[in-house]
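Remember, it's a predicted structure, so these values are computed and weren't measured experimentally.
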Amino acid sequence: MSEPDAASADTKPAPSNFVMRVLAALVLAPLAIALAYAGGWLWALLVTLVSIGLFAEWLMVVGAGSTALTGAGTLVIAAMGLCVTFGALKTAVITGLIGGAIVTLIARGKFVWAATGFAYASAALLASILVRKDLVNGFSALMFVLLVVWATDIGGYFAGRSIGGPKLWPRVSPKKTWSGALGGFVASLAVAGGFAACGIGKAIPLLLVSAILSVVSQAGDLFESAVKRRFGVKDSSHLIPGHGGLMDRLDGFVAAILMAWIIGFLRLGVHSAGSGLMVW
């Protein structure tokens, strides 16, 4: 649910690769928006499948992708998705805690990395579904997060390519620049301005929220890059043509949707997180 890498730098991708990225985005973005609009079990099913994919890719990246571990995590995440979809949030959390312990035990020598990956995928699952489940502002909140992340990525990509300059964190992500990071940040503010202009939320709070989500999104991108560099992996998989894997495309979204849910939860509680994010 994400576009080209945020804060991209000077090395330009091959034109054919860029075309593949655009074509994949033209297919995946409308699909994500359509299912987000539909909400309910359709959105929950997409999120559950994606979360399972995130966990499986994480295990492959860290070198812990055994059949037993992947299978156990898949079953637990699927059960969590089913529970939270039909309103059994407490059961979902309990299932996650017990399942996470089982995953950790199966992982043995890789237990820290396996537990981190399970928490990563589970957080993406719960936050994505809970934000959308807000009956009043769930869809607008989810679209706000998606558009902020996409704007951050696209703005960063083109700003990094056109301006270049000093690297953001060369040891972790040698292609990302400070100009790209700033370009993505500015682009995210345009999303907030657009929502406010359409009467969906107040300008100043939305600008502050978009700024936070943009920074968090880029931090999520760097976190995923750091994990891949730690294990000498370029792409988490080759699932998406021109883009890499789910982790490569959703790193920023996972961080942003979790932060969005936290903000909404702190303001209006578990079941009104969407309104807590958008209504000030």
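Grouped by direct or indirect side-chain proximity (heavy atoms under 4.5 Å, Ile/Leu/Val/Met/Phe/Trp/Tyr only), Leu75 sits alone. Apart from Phe111 itself, the hydrophobic cluster it occupies contains Val112, where clustering links Ile, Leu, Val, Met, Phe, Trp and Tyr at side-chain heavy-atom distances under 4.5 Å.
In terms of the side-chain contact (heavy atoms from CB on, under 4.5 Å) criterion, Ala119 has no residue partners (sequence neighbours excluded). With sequence neighbours excluded, the residues forming a salt bridge (charged side-chain N to carboxylate O under 4.0 Å, His left out) with Lys228 are Glu224, Asp248, listed by chain and number. With sequence neighbours excluded, no residue satisfies salt bridge (charged side-chain N to carboxylate O under 4.0 Å, His left out) with Glu57. Take Ala151 and apply the side-chain contact (heavy atoms from CB on, under 4.5 Å) test, not counting sequence neighbours, and it matches Ala187, Val191.
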Return all side-chain donor-acceptor pairs below 3.5 angstrom for residues 90-106, not counting sequence neighbours, or 'none' if the list is empty.
{"residue": "Thr95", "atom": "OG1", "partner": "Thr91", "partner atom": "O", "Å": "2.7"}
{"residue": "Thr104", "atom": "OG1", "partner": "Gly100", "partner atom": "O", "Å": "2.8"}

Pairs under 3.5 angstrom only: tabulate donor-acceptor contacts from the side chains of residues 58-66 to other protein residues two or more places apart or in another chain.
{"residue": "Trp58", "atom": "NE1", "partner": "Trp113", "partner atom": "O", "Å": "2.8"}
{"residue": "Ser66", "atom": "OG", "partner": "Leu69", "partner atom": "N", "Å": "3.2"}

Using atom types as modelled, flag every donor-acceptor pair under 3.5 Å from a side chain in residues 134-142 to any protein atom, sequence neighbours excluded.
{"residue": "Asp134", "atom": "OD1", "partner": "Val136", "partner atom": "N", "Å": "2.8"}
{"residue": "Asp134", "atom": "OD1", "partner": "Asn137", "partner atom": "N", "Å": "3.1"}
{"residue": "Asp134", "atom": "OD1", "partner": "Ser275", "partner atom": "OG", "Å": "3.4"}
{"residue": "Asp134", "atom": "OD2", "partner": "Gly274", "partner atom": "N", "Å": "3.3"}
{"residue": "Asp134", "atom": "OD2", "partner": "Ser275", "partner atom": "N", "Å": "2.7"}
{"residue": "Asp134", "atom": "OD2", "partner": "Ser275", "partner atom": "OG", "Å": "2.9"}
{"residue": "Asn137", "atom": "ND2", "partner": "Ser275", "partner atom": "OG", "Å": "2.8"}
{"residue": "Ser140", "atom": "OG", "partner": "Asn137", "partner atom": "O", "Å": "3.1"}

Donor-acceptor contacts, no H, no angles, side chain residues 29-39, under 3.5 Å, sequence neighbours left out:
none

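Between the side chain of Arg229 and the backbone N or O of Arg171 there is at least one donor-acceptor pair closer than 3.5 Å.
For the atom pair CG of Leu213 and CZ of Phe185, the computed distance is 10.5 Å after rounding to the nearest 0.5 Å.
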*Take Thr152 and Ser217 through the side-chain hydrogen bond (donor to acceptor under 3.5 Å, both in side chains) test and state the conclusion after the steps.*
CA-CA 8 Å; Thr152 298; Ser217 172; 5.1 Å; no
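Among residues at least two apart or in separate chains, ring-ring contact (aromatic ring centres under 6.0 Å, His included) pairs with a member in residues 260-280 are Trp261-Phe265. Legend: ring-ring contact (aromatic ring centres under 6.0 Å, His included) pairs involving residues 77-102, not counting sequence neighbours: none detected.
No more than 12 heavy atoms of other residues, nucleotides or ligands lie within 6.0 Å of CZ in Arg108, so this atom counts as exposed by the packing criterion.
Checking each of Leu258, Val254, Leu125 against Tyr120 for a side chain to side chain contact (heavy atoms under 4.5 Å, CB included) leaves exactly one that passes, namely Val254.
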